[in-house]
Amino acid sequence: MATTTAERDGVGEEQKKRKQGGFRTMPFILANEICDRFATAGFGANLITYLTQQLHLPLVEASNTLTNFNGTSSLTPILGALAADAFAGRFWTIIAGSVFYQLGMLALVASALLPSLRPAPCAPTHGAASCRRATGWQLAVLYLALLCTSLGSGGIRPCVVAFGADQFDDQQQKQRQKGGGGAAAAAAAGRKRSYFNLYFFTMGLAVLLALTVVVYIQENVGWGWGFGIPAIAMFVSIVVFVAGYPLYVRLKPGGSPFTRLAQVVAAAFRKRRAAVPEDPGMLYQDKELDALISTNGRLLHTNQLTFFDRAAIVTPGDIAGSGEPDLWRLSTVHRVEELKSIVRLLPIWSAGILLATAASHNGTFTIQQARTMDRHLTPRFEIPPATMSIFTTVAMLAGLALYDRAFVPLARRVTGLPSGITYFQRMAIGLGISILGVASAALVEVRRRCAAADHGLLDSPAAVVPISVFWLVPQYAVHGVAEAFSSVAHMEFLYDQAPESMRSSAAALFWLSSSLGNYMGTVLVTAVQRATRGGGEWLQDNINRGRLDCYYWLVTTLMVLNLGYYLVCFHFYTMKPLEVAEEDDDEKESELSSVHKNGGPGGLV
């Protein structure tokens, strides 16, 4: 009877697992992501206008506040990833992050609604407007709201994309264990690749909706409703995500990945004078110890960064009498290779930092440019300046759709790869296209300033320059196409090449590059302002007298150098090799990264 009951329990558990994961979870995960991104975009897209028009901050200070906020929001995912990978798991980290974000948005709604939390409207004096800047108390409430939303982003951003990919990774692993054949495993891998495109596509749809509906409400109805609607959307996202709980594959956290990395470094440093054996088979292995952090297979030894191999050399005192290793003295090959994998991907990861720097001005200076241009669609309807970002989103959505449906089938005929091109090539194309986006921004600004000069408006920053705002469309659109290539490839590269137990951390690295890019944007703006002060200041409140075009040319030059840096990093990159456990428990060594399944690392040309 006990055996029968156990068998029934086992069958029931197996049936339950079969009902988990896959595309059935996507309505809940992507609905959550749509509501979340709608809230985030609706909250941040027009924030530069709120800071300058409602709180009366100077343009450069408002720009730096916004880039610092975006930078912090992209830095906190490191904390969220640490919590998810170490003890909380991705599901509960997403829930906690959503609650923090909700609190921050409610604080911002209060800031917009309560007169005591914002300065009085500008009062006209002698033909000019006298504007009182927000007080320290009012700014403190704003910064508290921004801090809560940043902490919320820390829980959501690194976990949602990895949590969604987990739903397909589990299926892929089941296909291997059942001996479903390479075709079935490849099909699961293909579904995961499609998921990354679908993830960014749904993000774009949410942003598109926010840029059209929410920005219009903020400009024409009021900031209370303008921030209130995203807050409601955030609440809906939490409810929808929780509703899908029974369907999710929820992987157990494997312990703090940063602790494991620190243990490898400490053990290698302790044995820094030890000679590394020529035969990697002499290095320490423990399949049982690594079981929880290597469910898809253990990482194999590589010949790069051999200093860290010393951590896997067995010396007296490393293993206790019970057979348990002291992990601060001895690490397995798998754990050493985890560290090597992270170190190897950092150079290519860092190429995405300057991409975020180049894109940061689309939410600050470009909106101020749009505000000075003719924004009429009809004699009575004007496009809100922040809504111009819609063209980036539309271009990204079109780029993703065409990439999946047209570009990949054509490229597949040439390369023979199921994915058309590797994510290395895709990212390189995106970096190249982004250079054209910044260069076009510089050319359009030259034309806008010339129009202002021709009509005697250089000293009239509030006047409308008689040039259509649609001159800004090319730079927005080019940035959108670049994002369709580079951002998806960047995320897929990090997810694929990071150790499986550190995939939340890998997603956090994606947002960390955005964080550092925004901070670099702040540093660059501050440096340019100081360097040009007193001699034709490039960045000033009156952009008609400034030289914003020179700033754009500077960023273009940096982007060209960044592309060259990326190509050099790619040339020296080594893929991670993985050991796959077959059904008969024999071990098969293979390069399992998706780029190899796609046909090998390949060159960029």
Side-chain angles (χ1 to χ4, degrees), residues 31-57 62 65-66 69-70 72-73 94-121 134-135 137-157 160 202-243 363 367 382-390 393:
N32 166 266
E33 182 62 15
I34 287 174
C35 294
D36 167 50
R37 295 307 297 177
F38 175 80
T40 305
F43 164 61
N46 208 20
L47 195 56
I48 186 70
T49 301
Y50 184 73
L51 296 179
T52 55
Q53 303 293 316
Q54 299 295 313
L55 300 185
H56 309 148
L57 299 183
T65 298
L66 192 54
F69 161 64
N70 289 333
T72 303
S73 297
I94 293 170
I95 294 296
S98 299
V99 170
F100 268 103
Y101 206 106
Q102 183 76 76
L103 294 174
M105 298 207 72
L106 291 177
L108 198 67
V109 170
S111 174
L113 287 177
L114 300 179
S116 60
L117 297 180
R118 64 180 190 275
T135 65
W137 159 249
Q138 292 165 341
L139 289 177
V141 173
L142 172 73
Y143 294 151
L144 179 62
L146 296 181
L147 177 61
C148 284
T149 58
S150 293
L151 291 174
S153 296
I156 298 170
R157 288 183 176 181
V160 170
T202 54
M203 277 205 316
L205 282 178
V207 172
L208 183 65
L209 187 62
L211 292 175
T212 51
V213 176
V214 177
V215 170
Y216 180 83
I217 291 173
Q218 290 170 346
E219 293 275 354
N220 297 279
V221 178
W223 289 94
W225 276 110
F227 288 144
I229 291 175
I232 294 171
M234 193 70 221
F235 176 76
V236 172
S237 78
I238 298 174
V239 174
V240 170
F241 186 69
V242 171
I367 290 179
E382 278 189 320
I383 301 175
T387 298
M388 290 301 295
S389 298
I390 192 175
T393 306

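One finds the CG atom of Leu55 at 6.0 Å from the CG atom of Leu142 (value rounded to the nearest 0.5 Å). Going from atom CE of Met105 over to atom CD1 of Ile232 covers 10.0 Å, rounded to the nearest 0.5 Å. Remark: Ile238 CD1 to Ile94 CD1 distance equals 11.5 Å, nearest 0.5 Å. Atom CG of residue Leu103 and atom CG of residue Leu151 lie 10.5 Å apart, to the nearest 0.5 angstrom.
For the side-chain contact (heavy atoms from CB on, under 4.5 Å) test, residues two or more places apart in sequence or in another chain that qualify with Val239 are Phe235. Gln138 pairs by the side-chain contact (heavy atoms from CB on, under 4.5 Å) definition with Pro119, Ala134, Thr135, not counting sequence neighbours. Under the rule for a side-chain contact (heavy atoms from CB on, under 4.5 Å), Ala96 has no partner lying at least two apart in sequence or in another chain. Residues that satisfy the ring pair (Phe, Tyr, Trp, His ring centres under 6.0 Å) test with Phe69, not counting sequence neighbours, are Phe43. With sequence neighbours excluded, the residues forming a side-chain contact (heavy atoms from CB on, under 4.5 Å) with Pro385 are Glu219, Ile367, Ala370, Arg371, Arg375, listed by chain and number. Looking at residues two or more places apart in sequence or on another chain, you find no side chain to side chain donor-acceptor pair (under 3.5 Å) involving Thr393. A search for side chain to side chain donor-acceptor pair (under 3.5 Å) contacts involving Ser111 returns Tyr50, not counting sequence neighbours.
The minimum heavy-atom distance between Ile217 and Gly226, with the atom names listed, is CG2-N, 3.8 Å. The two atoms that bring Ala112 and Gly224 nearest to each other are CB-N, 4.1 Å, heavy atoms only.
The closest side-chain heavy-atom distance from Phe227 to Val214 is not below 4.5 Å. With a 4.5 Å cut-off on side-chain heavy atoms, Leu139 and Leu57 count as touching.
Residue pairs meeting the side chain to side chain donor-acceptor pair (under 3.5 Å) criterion with at least one member in residues 141-151, sequence neighbours excluded: Ser73-Ser150. Under the side chain to side chain donor-acceptor pair (under 3.5 Å) criterion, no residue pair touches residues 220-241, with sequence neighbours excluded.
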